[in-house]
Chemist: 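First the structure, then my questions, so here it is.
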Amino acid sequence: MVKTRFAPSPTGNLHIGGARTALFNYLFSKHKGGTFVLRIEDTDIERSKEVYVQDILQGLGWLGIDWDEGPHFQKERMDIYREHAYRLLREGCAYKCYCTPEMLEEKRKVALKEGKKPTYDRTCRDAHDRASDMPHVIRFKAPLTGEVSFNDLVRGTISFRCEELDDLVILRSDSTPTYNFTVVVDDALMGITHIIRGDDHINNTPRQILIYRALNYPMPEFAHVPLIHGKDRSRLSKRHGATSLLEYRNEGFLPEALMNYLARLGWAHGDQEIFSREGLIEMFDLPNVGKSPAIFDMDKLLWLNGHYIKTLPLEDVAERLVPFLEGLGLAISNREMLVPITANLKGRARTLKEMAQMAAFFFLDDVAYEEAAKQKFLTPATKPILENFLEGFKGLRSIDEDEQKRLIENMARDYNTKLVNVIQPIRVSLCGRTVSPGIFEVIGILGRETVEKRLRRAIEAIS
RNA sequence: GGUCCCAUCGUCUAGUGGCCCAGGACGCUGGCCUCUCACGCCGGAAACACGAGUUCGAACCUCGUUGGGACCA
């Protein structure tokens, strides 16, 4: 039975990179019919914040990555880590180290000066007075020679020489456990079979393997996926605007689009670009994950988001649009208009936020005219066009597209001009700007009364 | 600096020795459609980092170089 986990530290928001790691774990476990665990690694009391925990939980929930088990909190498991540390001590796999920070700093300087590596010199490793109650840390006793290697599911065999590894601290002098120790204890106890994480952890892996062995717990599989990079090719961080996932939600992205994008970033299944959640679960597997870091590309995300806006059920998109309209302070007087408006705008907007902005004029009878549009199309010269149109419009038997079109075509003929010259003044009158959906559709949605009202207002605005 | 990892169009990638003088997608660009703007459709430019080697044959295998990244300090 496959079991994966996502184990973020609540020291920051859940950003794109973390979300992708979570997604890969989620997809892999579902693909294999296994379970997915969420664990919050909040042992760093200083930097861990409840708001970040909430951000992570909400972000995952919004994306639609739900966990089968957890969230577990490491803070609540401190005793377990201590027990394990003392067990290693008892069994001779660890030792108490009484070196003070000052001593260590001194040794580091000396080593550096002599051109040696600044690793711990193992002074206390073979000392005998282990009963002392003086302040001490507990260090893991790493093998002095040999090699640690593992088969990474995305990279293949990776090996490290033990000479490179030093005796890392597993329990600090204040009795708090360190990162490399807690992960191993938790992953082992929770029965995690596949550890899928960012490749910034590759260097931690050999130490962790050694701890697994010392603890005599079954070894999981490892898969290190490349990090997502910013445009400057360095790891995505705050200065790239690596903000919360929820930020994407607020900007009007759809979780379907983001999931699709994240999955395709560093993973592919032939030439296919569009994947539903179900499709991803069916197709996703580790061997297809790329080895090199990927750069986040907003343009492609926008394109995908536009694709989902176009293809998701209209009613659904309309429903999701509402909060964005409200966000603009618009009173949605007529909910009947929502679906037709969505149908109109879905081909033009790439985000829900954009769509709301484009839709604003539908809800505002006293729509503001863009200055340039007004200068050009609401002038004494176009006034008669608007007056004639209003007159003709009132006499229309119905306002379906054919009727409207006939009226405007006749006018264009009378004025001996092109359709566009008749339409633009009308468009500005109704929408306040020169860009909008097709004018016949706009009129159809607005309805007789509103159209007449807005035309009159525009005519007045000229004089 | 040490260790480890990576390397196909600007970007995401397909490609696992002959199907590739390299395919798809975003972006860019020319055109069509058209009441504006989009959508859509048709077309175009654009890449195997470099050098050796293995082989009848290399984007694919090996070595080196260069470049990039991560971690540690």
Side-chain angles (χ1 to χ4, degrees), chain A residues 105 108-109 111-112 115-120 148-150 152 154-166 168 180 197-207 224-237 260-274 287-307 309-311 343-350 354-355 358 373 376-377 401 404-405 408-409 411-412 417-428 430-431 433-443:
Chain A
E105 185 53 35
R108 191 172 295 137
K109 277 184 190 156
L112 242 27
K116 281 190 277 192
K117 271 175 294 184
T119 51
Y120 178 58
V148 182
S149 65
F150 61 99
D152 190 290
V154 340
R155 321 239 165 186
T157 305
I158 299 176
S159 43
F160 293 80
R161 287 196 310 280
C162 289
E163 285 86 337
E164 306 298 338
L165 279 20
D166 61 350
L168 82 154
N180 278 302
R197 60 187 5 171
D199 68 5
D200 48 337
H201 288 291
I202 289 185
N203 287 299
N204 288 328
T205 308
R207 306 168 193 284
H224 289 96
V225 306
L227 263 13
I228 298 177
H229 285 188
K231 282 222 188 311
D232 64 354
R233 299 192 167 275
S234 72
R235 179 179 175 169
L236 213 54
S237 67
N260 192 152
Y261 178 71
L262 252 24
R264 271 292 281 106
L265 197 59
W267 171 83
H269 182 256
D271 286 338
Q272 192 174 337
E273 294 287 347
I274 306 299
N288 307 323
V289 175
K291 300 192 219 309
S292 51
I295 294 171
F296 181 78
D297 180 9
M298 184 56 94
D299 284 331
K300 190 154 185 176
L301 208 210
L302 281 167
W303 169 76
L304 257 176
N305 205 55
H307 169 83
I309 284 179
K310 277 183 287 246
T311 52
N344 256 275
L345 261 20
K346 69 174 187 176
R348 340 174 97 78
R350 294 180 305 174
E354 264 182 27
M355 193 185 250
M358 290 176 178
K376 194 166 176 193
F377 294 108
E401 180 162 340
Q404 292 183 47
K405 200 163 191 175
I408 288 179
E409 278 169 352
M411 286 179 64
T417 186
K418 284 186 283 189
L419 279 187
V420 63
N421 294 322
V422 177
I423 288 175
Q424 283 305 67
I426 299 172
R427 170 170 281 124
V428 175
L430 301 181
C431 312
R433 52 192 172 198
T434 56
V435 173
S436 85
I439 198 67
F440 305 126
E441 298 162 67
V442 168
I443 291 173

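The model shown is predicted, which means the values in this text are computed figures rather than measured ones. Side chains are part of it too, since the values below use all heavy atoms of this structure and drop only hydrogens, waters and symmetry mates. Naming: A, B, ... by sequence-line order, numbering from 1 per chain.
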Chemist: Is the side chain of A:N305 donor-acceptor paired with the backbone N or O of A:R350 at a distance under 3.5 Å, no angle test?
Modeler: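 Present.
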Chemist: For B:G10, which nucleotide is its Watson-Crick or G-U wobble mate, given both distances must be under 3.5 Å?
Modeler: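 Partner of B:G10: B:C26.
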Chemist: Grab the two heavy atoms, one from A:V154 and one from A:G290, that are nearest each other, plus how far apart they are.
Modeler: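 In terms of heavy atoms, the two residues are closest at CG2-O, 4.5 Å.
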Chemist: From the options B:C6, B:U3, B:C26, select the nucleotide whose nearest atom is closest to the side chain of A:K300.
Modeler: B:C26
Chemist: In whole angstrom, give me the gap between the P atoms of B:C39 and B:A45.
Modeler: 22 Å
Chemist: Taking a pair as Watson-Crick or G-U wobble with both distances under 3.5 Å, which nucleotide is matched to B:C41?
Modeler: B:G31
Chemist: Between P on B:G2 and CD on A:E163, what's the gap in Å once rounded to a whole number?
Modeler: 17 Å
Chemist: Closest to the A:H229 side chain: B:C6, B:A38, B:G69?
Modeler: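 Minimum distance to the A:H229 side chain belongs to B:G69.
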Chemist: Could you tell me the separation between the CD1 atom of A:I408 and the C1' atom of B:U36, rounded to a whole number of Å?
Modeler: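 Distance, rounded to whole Å: 12 Å.
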Chemist: Just how far, in rounded Å, is P of B:C12 from CG of A:L302?
Modeler: 17 Å
Chemist: Quick one: label A:K346 by what it contacts on the DNA or RNA (base, sugar-phosphate, nothing), any heavy atom closer than 4.0 Å.
Modeler: nothing
Chemist: Using a strict 4.0 Å threshold on nitrogen-to-oxygen distance, state whether A:E273 and A:K300 make a salt bridge.
Modeler: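 Judged by the 4.0 Å cut-off on N to carboxylate O distance, A:E273 and A:K300 do form a salt bridge.
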Chemist: Choosing from B:U3, B:C12, B:C37, which nucleotide comes nearest the side chain of A:A294?
Modeler: B:C12
Chemist: Given B:U8, B:U36, B:G27, identify the nucleotide with an atom nearest to the side chain of A:S292.
Modeler: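 So the nucleotide nearest the side chain must be B:U8.
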Chemist: Could you check whether any side-chain N or O of A:R433 sits under 3.5 Å from a backbone N or O of A:S436, counting only pairs where one atom can act as donor and the other as acceptor?
Modeler: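 A pair under 3.5 Å: no.
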Chemist: Round to the nearest Å and state the distance from A:E354 atom CD to B:A38 atom C1'.
Modeler: 10 Å
Chemist: Determine which nucleotide pairs with B:G64, using a 3.5 Å limit on both distances of a Watson-Crick or G-U wobble pair.
Modeler: B:C50
Chemist: The side chain of A:I202 lies closest to which of these nucleotides: B:C37, B:A14, B:C4?
Modeler: B:C4
Chemist: Just compare B:A7, B:A70, B:U36 and give me whichever is closest to any side-chain atom of A:K291.
Modeler: B:A7
Chemist: Taking the side chain of A:L419 as heavy atoms from C-beta outward, which of B:C35, B:G27, B:C6 is closest to it?
Modeler: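 Nearest to the side-chain atoms of A:L419, counting from C-beta on, is B:C35.
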Chemist: Checking all strands, does A:P437 fall into the base, sugar-phosphate, or nothing category for heavy-atom contacts under 4.0 angstrom?
Modeler: base
Chemist: Using a 4.0 Å heavy-atom cut-off, does A:G266 contact any base of the nucleic acid, only the sugar-phosphate backbone, or nothing at all?
Modeler: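 Sugar-phosphate, backbone atoms only, no base.
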Chemist: Provide the Watson-Crick or G-U wobble partner of B:U3, both distances under 3.5 Å; none if there is no partner.
Modeler: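 B:A70 - that is the nucleotide pairing with B:U3, both distances being under 3.5 Å.
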Chemist: Look at the aromatic rings of A:F150 and A:H224 and report parallel, tilted or perpendicular, splitting at 30° and 60°.
Modeler: perpendicular
Chemist: Please measure how far the C1' atom in B:A14 lies from the corresponding atom in B:C19, and state the result in whole Å.
Modeler: 14 Å
Chemist: Over how many whole Å does the gap from A:N305 atom CG to B:C26 atom C1' extend?
Modeler: 14 Å
Chemist: Nearest-nucleotide wise, let me know which of A:Y261 and A:I158 is further upstream toward the 5' end of RNA chain B.
Modeler: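 The residue mapped nearer the 5' terminus is A:I158.
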Chemist: What is the separation between atom CG on A:D271 and atom C1' on B:G24, rounded to the nearest whole Å?
Modeler: 4 Å
Chemist: Roughly how far apart, to the nearest Å, are B:C9 and B:A59 at atom P?
Modeler: 15 Å
Chemist: How far does the C1' atom of B:A73 sit from the matching atom of B:U65, given to the nearest Å?
Modeler: 27 Å
Chemist: Determine the contact category for A:F440: base if any of its heavy atoms lies under 4.0 Å from a base atom, sugar-phosphate if only primed atoms, P, OP1 or OP2 are that close, otherwise nothing.
Modeler: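 Since a base atom lies under 4.0 Å of A:F440, the category is base.
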Chemist: Would the distance check show the side chain of A:Q424 and the main-chain N or O of A:V420 forming a donor-acceptor pair, the cut-off being under 3.5 Å?
Modeler: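 Between the backbone of A:V420 and the side chain of A:Q424 there is no qualifying donor-acceptor contact (under 3.5 Å).
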Chemist: Base of B:C39 relative to its sugar, syn (within 90° of 0) or anti?
Modeler: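 Syn, since the glycosidic angle lies within 90° of 0.
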Chemist: Suppose you measure atom C1' in B:U29 against the same atom in B:G64; what distance do you get, rounded to whole Å?
Modeler: 41 Å
Chemist: Distance between the P atoms of B:C32 and B:G69, in whole angstroms?
Modeler: 45 Å
Chemist: Look at A:K291 together with A:D199 and state whether they make a salt bridge at an N to O cut-off of under 4.0 Å.
Modeler: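 Here A:K291 does not pair with A:D199 in a salt bridge, since their nearest N and O are not under 4.0 Å apart.
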Chemist: Grab the CG-C1' distance between A:D166 and B:C4 for me, whole Å please.
Modeler: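 Nearest whole value for this atom pair: 16 Å.
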Chemist: Can you tell me which nucleotide in B:C5, B:U36, B:G24 comes closest to the side chain of A:V435?
Modeler: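 Selected nucleotide (nearest to the side chain): B:U36.
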Chemist: Have a look at A:E273 and say if it touches a base, only the backbone sugar-phosphate, or nothing, with a 4.0 Å heavy-atom cut-off.
Modeler: base
Chemist: Just name whichever nucleotide pairs with B:U55, Watson-Crick or G-U, keeping both distances under 3.5 Å, else none.
Modeler: none
Chemist: Figure out the CE/C1' separation between A:M355 and B:C39, and round it to whole Å.
Modeler: 12 Å
Chemist: Indicate whether the side chain of A:T205 and that of A:R197 have a donor and an acceptor atom separated by less than 3.5 Å.
Modeler: yes
Chemist: Tell me which nucleotide among B:C37, B:C71, B:C35 gets nearest to the side chain of A:I439.
Modeler: B:C35
Chemist: B:U36, B:U11, B:C4: which one has an atom nearest the side-chain heavy atoms of A:R161?
Modeler: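 Closest nucleotide to the A:R161 side chain: B:C4.
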Chemist: Please tell me which of A:N204 and A:F296 maps to the more 5' nucleotide of RNA chain B, matching each residue to the nucleotide holding its nearest heavy atom.
Modeler: A:F296
Chemist: Between B:C20 and B:C48, how far apart are the C1' atoms? Round to whole Å, please.
Modeler: 10 Å
Chemist: Is the base of B:C6 touched by the side chain of A:R155 through a donor-acceptor pair closer than 3.5 angstrom?
Modeler: no
Chemist: Roughly how far apart, to the nearest Å, are B:A47 and B:C21 at atom C1'?
Modeler: 13 Å
